[in-house]
Every structure is written in structure tokens, then in C-alpha cells.
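To start, the structure under review is shown below, and the notes come after it.
Both ligands and their constituent atoms are indexed starting at 1 by order of listing. What you see below is based on every heavy atom in this structure, not just the backbone, and it leaves out hydrogens, waters and symmetry mates. Residues: numbered from 1 along the sequence shown.
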Amino acid sequence: MSEDTVLVVIGANGDLASRLLLPALGELLADHPEHRLHLVGVGSSGSTDARWRKIVRTAFTAADAADALGASVLSTPYVRADASTADGMRTLLAALPEGRVVLYFAVPPQIAASACRALRPRDLPTGTILALEKPFGSDEESARELNDVLQALLPERQVFRVDHFLGRSTVLNLLGARFANRFVEPVWSAEHIAEISVRFDETLGLEGRAGYYDRAGALEDMIQSHLLQVLAILTMAAPATLGERDVRDATGAALRATHVWEDDPVRFSHRARYTAGEAAGEQLPSYVDEPGVDPARETETLAEATFEVRDARWSGVPITLRSGKALGAPAMEIVAKMRRVRHLPEGFTGPEEPDELRFGLGPDRLSLSINVNGGRDPFALQRATLTTDLGVGAQRAYVDVLGALLDGDPTLSVRGDAAEECWRIIQPIRDAWSRGDVPLDDYPAGSHGPASWGSPGRGATA
Ligand SMILES: O=C1O[C@H](COP(=O)(O)O)[C@@H](O)[C@H](O)[C@H]1O
């Protein structure tokens with residue numbers, strides 16, 4: 001029989017644990033009752049095993065997985081320890097039951113980093129896995145320094161830099177759509193694709209997260225992390241296998257080749273923040289009036305930037321990444337716009353639009369828009385769009401992340417070198433913004449962004 005897992009949630013009393021991790025764990029265990037685990041809660045404040053078990057039960061019940069608690073969870077001890085100190089980490093490690101240890105840091109990244117710095121390799125039971133949430137470091141240098149700390153503790157394949165977008169079903173579907181279709185794979189290059197846009201417009205505002213978000217902003221919160229991972233999957237060369245090494249080598253190579261379009265962040269990046277308005281039926285104050293926001297920081301709530309993957313497959317294709325909060329409608333999708341046909345036979349009437357392949361990132365769907373004819377006017381071109389729902393939805397992202405963690409498979413977590421690259425890629429934009437070279441525009445909450453930006457995904461014509 002395989003060893004039991006000791007899943008240690010550091011930050012047991014926090015929002016991430018109760019809102020995302022525990023419901024996802026409940027779902028995972030309901031689907032995979034073969035897992036056996038001790039679920040240890042760790043917090044710096046006093047609590048009890050019973051109170052922690054209640055948090056777990058509430059989250060499992062919300063996920064319709066209450067039975068999984070009795071079936072798969074062997075125990076739910078709570079340990080009081082300050083994980084940011086060496087003493088705290090030792091206290092918690094000494095209190096763990098026997099089994100394969102997975103330490104999940106559901107705490108602010110500075111605490112996770114201090115905890116890792118406080119550890120010595122001999123403190124960690126053989127085979128321990130560490131899971132860290134974003135942001136991983138705060139720039140390329142600090143990410144490298146943290147990677148060095150981790151490398152001294154554990155082999156890379158035991159470090160999970162969690163990016164839940166890599167568990168989103170549409171993002172996973174990109175692999176199948178790209179590499180398992182003869183009519184996609186050969187045309188997935190600059191020769192046939194004119195531009196790509198990845199957009200993640202949310203209607204939600206700050207949701208009380210000023211403490212984190214006001215320091216991060218949209219560029220770091222979404223583009224540096226999730227959307228660059230999506231870009232990597234969209235543009236990577238075909239891996240020989242879906243094994244951890246092949247996939248992460250390929251995404252790493254794509255990121256290493258990625259640069260701001262024309263190396264000109266002043267022209268090819270934009271930032272803005274919301275003013276008062278109504279989004280998703282909720283009245284929102286101006287971002288600067290949200291509780292906890294420091295107006296002097298000039299944090300953007302909407303960011304857009306265009307990149308190029310400078311390799312033989314992609315040079316010359318603008319790839320625009322955009323994400324923001326408090327926008328008028330959710331718009332979450334990847335759009336690959338094809339080039340026009342080399343020669344359109346004379347005689348067609350009607351507009352010939354570039355073909356488009358769209359991947360919806362919520363709802364998750366795939367749609368292909370092409371030109372056809374044969375209607376009442378037999379040679380008039382018209383648009384036909386074929387759409388299909390895909391996958392199981394974004395809410396499963398953490399289920400897949402946790403499943404991979406319990407299976408010890410890091411394929412869909414961010415490798416150390418990729419984490420550093422993502423900071424390197426956005427650094428010229430951060431520099432231009434902090435010099436004040438790119439204006440901080442504004443947009444009313446509930447609008448589609450600053451009117452002067454035009455339509456998103458306009459790529460290198462920006
Ligand atoms: O990591 C984050 O992602 C969410 C969007 O992802 P979703 O799966 O919750 O839709 C974003 O709202 C948040 O600001 C960011 O930190």
C-alpha cells in the first residue's frame with residue numbers, strides 16, 4: 001500500500017485556504033477516494049483541531065464533498081506555529097504525523113520566502129514537496145535568489161510554483177488543440193497567424209484585497225504570472241512527450257525568446273485604473289477611494305502590453321496580453337487571427353475577414369470563424385462560426401493543481417527558470433511606468449476601459 005500523504009496547509013485560517021484550496025481538495029477527494037491523507041492546518045494564532053476540522057468540513061460541504069472528509073482524511077490536526085521563523089518551522093515539522101509531506105504555503109509570499117530561508121535540508125523529511133503561490137519573488141533578481149534557496153533544500157521537481165491558470169481546462173485544451181490536429185499544428189506559426197490576443201477582463205473590483213493588490217497591480221497580478229504562462233503554452237514548440245521535462249523545457253524556451261514588441265514599452269504598453277462606476281450590478285468607488293489603497297502608489301487596475309516571441313516560428317507576430325478589473329463585461333479569451341488567403345479568386349462578393357480561432361477562458365469554449373458562401377447570393381462571402389463548449393470550467397483549476405501536487409507531478413507548475421523569465425520580460429514595462437513614460441489613464445468602472453485605447457487585441461498597431 002502506498003504511503004499516506006501529510007498535506008500541511010500553512011495559512012489554515014486564511015481566505016485562500018477556505019475559499020479555494022479546501023473546496024478544491026474536497027472535490028478532488030470525492031473524485032479520487034483512493035487518496036489517504038492527514039490534513040494539517042497551520043496558523044500563527046491559537047486554534048484547535050476541532051475548529052480546523054470545522055473549517056475543513058464547511059469547505060468540503062460547500063463543494064458537495066462532505067463525505068470525502070470521513071472517507072479520505074485520516075486526521076485534521078491543527079498546529080500553532082509562526083512559519084516565517086526557523087523555530088516555527090521546526091515546531092510544525094516536529095508535530096507532523098508519519099507520511100509523505102506536502103507543505104502548501106497559503107500565506108503571503110514574503111512569509112513563504114522567510115519560511116524557506118529558515119529551513120535546512122535536514123529539517124525536511126525525504127520526498128517533501130513545497131508548494132508556493134504567486135508572486136514568486138518581486139523581480140528577476142529576487143526570484144533567482146529564492147530559487148537558489150529552494151535549490152539548496154530540494155530537487156526542482158519537488159518545488160511547485162503554483163499557477164492555477166495552468167490547471168484551467170481551456171489552457172490545458174490548448175495542448176490538445178495545437179498538437180493533436182493536423183489542421184491546426186502546421187498553421188500555428190507566423191506564416192499563417194497575423195496576431196494573437198489574450199484577454200482577461202474581469203467585472204470584479206478589488207474585493208477587499210487592497211493589502212495585496214495595491215502593491216501588485218494588474219501587470220504583476222495577471223500578466224507577469226498567468227497570462228505569460230498562457231503565452232508560453234500558445235507559442236511553445238511541440239514537446240516530444242507531455243512529460244514534465246519536455247513540457248517545461250518547451251515553455252521555458254518560449255519565455256526566453258519573449259520580449260516587449262519592438263523593445264518599446266512606451267508605445268506598446270498601457271495602464272489605467274478605474275474611477276467610480278457600476279460593474280456587475282455593484283456600485284464601486286474610484287480605485288483610489290477603496291479602503292486600504294494608497295493613491296501615491298499609482299497602481300493600475302488594467303494593463304495591456306504587446307510582446308513578440310523572437311524565434312523562427314513566431315517572429316513578427318504581435319501577441320497582446322491584457323487584464324483588468326471592474327470592467328463592463330467579462331471578456332476572457334484567446335484569439336488567434338489568421339492571415340488572409342494569398343489570393344482570393346475574383347468573383348466573390350462580401351467581406352473577406354481573417355479566419356479566427358478563439359478559446360474562451362470562461363465560459364470555456366472553442367470557436368472557429370471562417371468565410372463560406374452559398375447563401376441566397378451564391379458567391380457572397382459570409383461568416384460561419386463553429387462553437388463548442390470545452391472542458392470542465394475554471395473552478396476545477398485548483399482541483400487539478402492539488403491533484404498534481406498529491407501525485408507529485410510538477411508538469412503544470414512553473415519551473416524556477418520560467419519564474420525568473422517572466423519577471424525579466426515585464427521589467428522594461430515596469431521601468432517605463434515608474435519613469436512616468438506611460439500615462440496612467442482612467443476608465444469608469446463598468447466601462448470597457450479607456451476610450452482612447454480602442455479595441456483590445458489591436459496588437460502592434462497600438
Ligand atoms: O490569481 C488571480 O486570478 C484571479 C482570476 O482567476 P480566476 O480563476 O479566479 O478567475 C484574479 O481575479 C486575481 O486578481 C488574481 O490574483
Tell me which part of Tyr213 gets within contact of ligand 1: side chain, backbone, both or neither, using heavy atoms under 4.0 Å. neither
Subset of ligand 1 atoms that lie under 4.0 Å from at least one heavy atom of Phe200: 5 (C), 10 (O)
Taking the six-membered ring of Phe136, is NZ or CZ of Arg161 closer than 6.0 Å to its centre and within 45° of its axis? yes
Gln427 and Asp431 side chains, donor-acceptor separation under 3.5 Å: yes
Taking atom 16 (O) of ligand 1 as the point of reference, which of Asp221, Leu206, Thr301 owns the nearest heavy atom? Asp221
When you measure from the centre of the six-membered ring of Phe60, is the NZ or CZ of Arg57 closer than 6.0 Å and no more than 45° off the axis? no
At a 4.0 Å threshold, what atoms of ligand 1 neighbour a non-hydrogen atom of Phe165? 6 (O)
Would you mind running through ligand 1 and noting each atom that sits below 4.0 Å from a heavy atom of Lys325? 11 (C), 12 (O), 13 (C), 14 (O)
Looking at non-hydrogen atoms alone, which of Lys134, His164, Glu133, Arg19 comes nearest to atom 3 (O) of ligand 1? His164
Check whether Asp364 reaches the backbone of Gly362 with its side chain - one donor and one acceptor, N or O, closer than 3.5 Å. yes
Any donor-acceptor N or O pair under 3.5 Å, side chains Asn173, Thr170: no
Do the side-chain N and O atoms of Arg248 and Ser413 include a donor-acceptor pair separated by under 3.5 angstrom? yes
Per-atom filter on ligand 1: closer than 4.0 angstrom to a heavy atom of Arg168 are 6 (O), 7 (P), 8 (O), 10 (O)
